[in-house]
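All ligand and atom numbering here is 1-based and tracks the order in the structure.
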Amino acid sequence: MIHNFNAGPSILPKEVFEEASRAILNFNETGLSILEFGHRTPMFESVVSEAMDLVRELMQLDGNKEVMFLHGGASTQFFQVPMNFLSKDKTAAYLDGGVWGSKAIKEAKLFGNVEVVASSKDRNYSYIPTGYTLPDNAAYFHYTTNNTIEGTQMQGIPSSSVPLIADMSSDILSCGMDFNRFSFIYAGAQKNIGAAGVNLVVADKDFLATGNTAIPSMMDYRQHVANGSMLNTPPVFAIYVCLLTLRWLKKIGGIPAIEKINEQKADLLYSTLASLPMFNLPVPAQDRSKMNAVFTMHDPALEKLFLTRCEEEGMVGIKGHRSVGGFRVSMYNAMPLSSVVDITDLIKDFANKHA
Ligand code: PMP
């Protein structure tokens, strides 16, 4: 059996893969593949509208929010956000909490002034910075809710009158929060929502109205809203996989149900690692991500042995990102508790044998 701990693209529910593969051959008994009919057909329009409705329902969005499915992955949002909401005469506040956030900062600087309010770069982004104040006049405050590479996660939402913009690529739909507090949310789909190639965007209508207009149509959120995310040919299959994953999440009880499971998985893995002196957890307990658990071993020679043992037992995708080293066990929504039980059993057994 394969346990897929990849950081993204990553595990999705088995029933999503099954249903998606059926739709490639015969979508909803139409005799057509999901890949071969027009996006401006009732068949595909119903896919998009049901997916948008499910996002609204699962995230409990108020009536002032727009939902979009856009091309380009989260990296496109790094520049599309400032292209819409920043200009040379404005300042945006950014939290430099990880590699992905620092990439967003780099792109924003092309469009206007950027004030980095705090950074954890001094310790390789191994903690969530605190104790900063946001400039009142900032156009917006951008931060990453979960730092996928470094295994840190923000707890709670900063209280501020500055419009909040969050990159939620690696923890969206994994835990409850008041999503309506954000002016703008984006997330690449390939972790908790569906297949790579599409972004989920949730934006406040009033905030959208403040955006720049002298920008290319494909970059302009308002035009995407006006066209129901079909300004051009959308990534049809990727959106369909999102629909299937959203249906699955609703069926199992939505965010409250998955949050409980995610907590169980993270508690089990972190408490096991913390109890074994062989392992090192670089992130302080209060900042640890429930999606991506990062750990190293004090003895680098043992790291090799551990990786080989994991591979032999079908635990894939646990090698840490090259900037952090060690290991990263990603436990997105679709990861069953049983796989985390299996890897913690392996960890305990490995520690016994090599103590
Ligand atoms: N932000 C975060 C938090 C991510 O984890 C990633 C990808 N792993 C990205 C942005 C970039 O996403 P994409 O590859 O879809 O551009």
Side-chain angles (χ1 to χ4, degrees), residues 4-12 68-83 92 94-108 110 119-121 124-129 140-155 157 164-175 177 179 182 184-202 218-219 229 234-235 237-239 241-242 245 262 283 287-294 317-324 327-335:
N4 179 7
F5 295 104
N6 273 307
S10 47
I11 187 169
L12 288 174
M68 289 168 257
F69 288 102
L70 303 182
H71 296 267
S75 302
T76 300
Q77 295 307 307
F78 292 167
F79 67 84
Q80 195 171 351
V81 163
M83 189 183 274
Y94 274 73
L95 186 66
D96 182 29
V99 165
W100 292 112
S102 74
K103 288 182 196 280
I105 290 169
K106 178 168 172 267
E107 304 292 278
L110 298 170
S119 172
S120 49
K121 197 172 180 196
N124 207 20
Y125 297 120
S126 60
Y127 65 99
I128 298 282
Y140 59 82
F141 173 50
H142 176 286
Y143 69 95
T144 313
T145 48
N146 183 74
N147 296 291
T148 326
I149 292 176
E150 300 84 0
T152 65
Q153 189 172 23
M154 291 274 286
Q155 312 297 325
I157 305 173
L164 297 176
I165 298 190
D167 173 1
M168 298 195 183
S169 294
S170 53
D171 65 352
I172 193 152
L173 305 176
S174 70
C175 57
M177 68 172 89
F179 295 103
F182 294 86
F184 195 94
I185 294 168
Y186 63 90
Q190 65 268 25
K191 296 153 200 317
N192 275 338
I193 312 171
V198 66
N199 266 312
L200 171 65
V201 170
V202 172
M218 278 297 287
M219 291 291 107
S229 294
F237 187 64
I239 294 176
V241 177
C242 291
T245 311
N262 288 334
V283 176
D287 294 339
R288 284 177 196 153
S289 164
K290 294 194 169 68
M291 296 283 100
N292 314 95
V294 165
I318 67 151
K319 199 168 181 339
H321 189 270
R322 59 190 179 281
S323 65
V324 179
F327 306 96
R328 171 174 52 172
V329 169
S330 296
M331 304 170 279
Y332 297 117
N333 283 357
M335 167 66 54

Any Gln77 heavy atom less than 4.0 Å to ligand 1
no
In this structure, does ligand 1 have an atom that sits under 4.0 Å from one of the heavy atoms of Asn199?
no
Where the side chain of Tyr332 meets the backbone of Ala7, is there a donor-acceptor pair that is under 3.5 Å apart?
yes
Taking the inter-plane angle between the rings of Tyr94 and Tyr140 on a 0 to 90° scale, is it parallel (under 30°), tilted (30 to 60°) or perpendicular (over 60°)?
perpendicular
So which protein heavy atom does atom 12 (O) of ligand 1 come closest to, and at what separation?
Ala74 CB, 3.4 Å
Sub-4.0 Å heavy-atom approach of Met168 to ligand 1
no
The atoms of ligand 1 lying under 4.0 Å from a heavy atom of Ser169, numbered in the order shown, are 1 (N), 2 (C), 3 (C), 4 (C), 10 (C)
To check your reading of the model: name the closest protein heavy atom to atom 5 (O) of ligand 1, its residue, and the distance in Å.
Thr148 OG1, 2.5 Å
Heavy atom of the protein closest to atom 15 (O) of ligand 1 (residue, atom name, distance)
Gln190 NE2, 2.9 Å
Can you tell me the protein heavy atom closest to atom 6 (C) of ligand 1 and the distance?
Trp100 CE2, 3.5 Å
Can you tell me if Ser170 uses its side chain to pair, donor with acceptor, with the backbone of Asn146 under 3.5 Å?
yes
Numbered atoms of ligand 1 (with element) below 4.0 Å of Asn146, judged on heavy atoms:
3 (C)
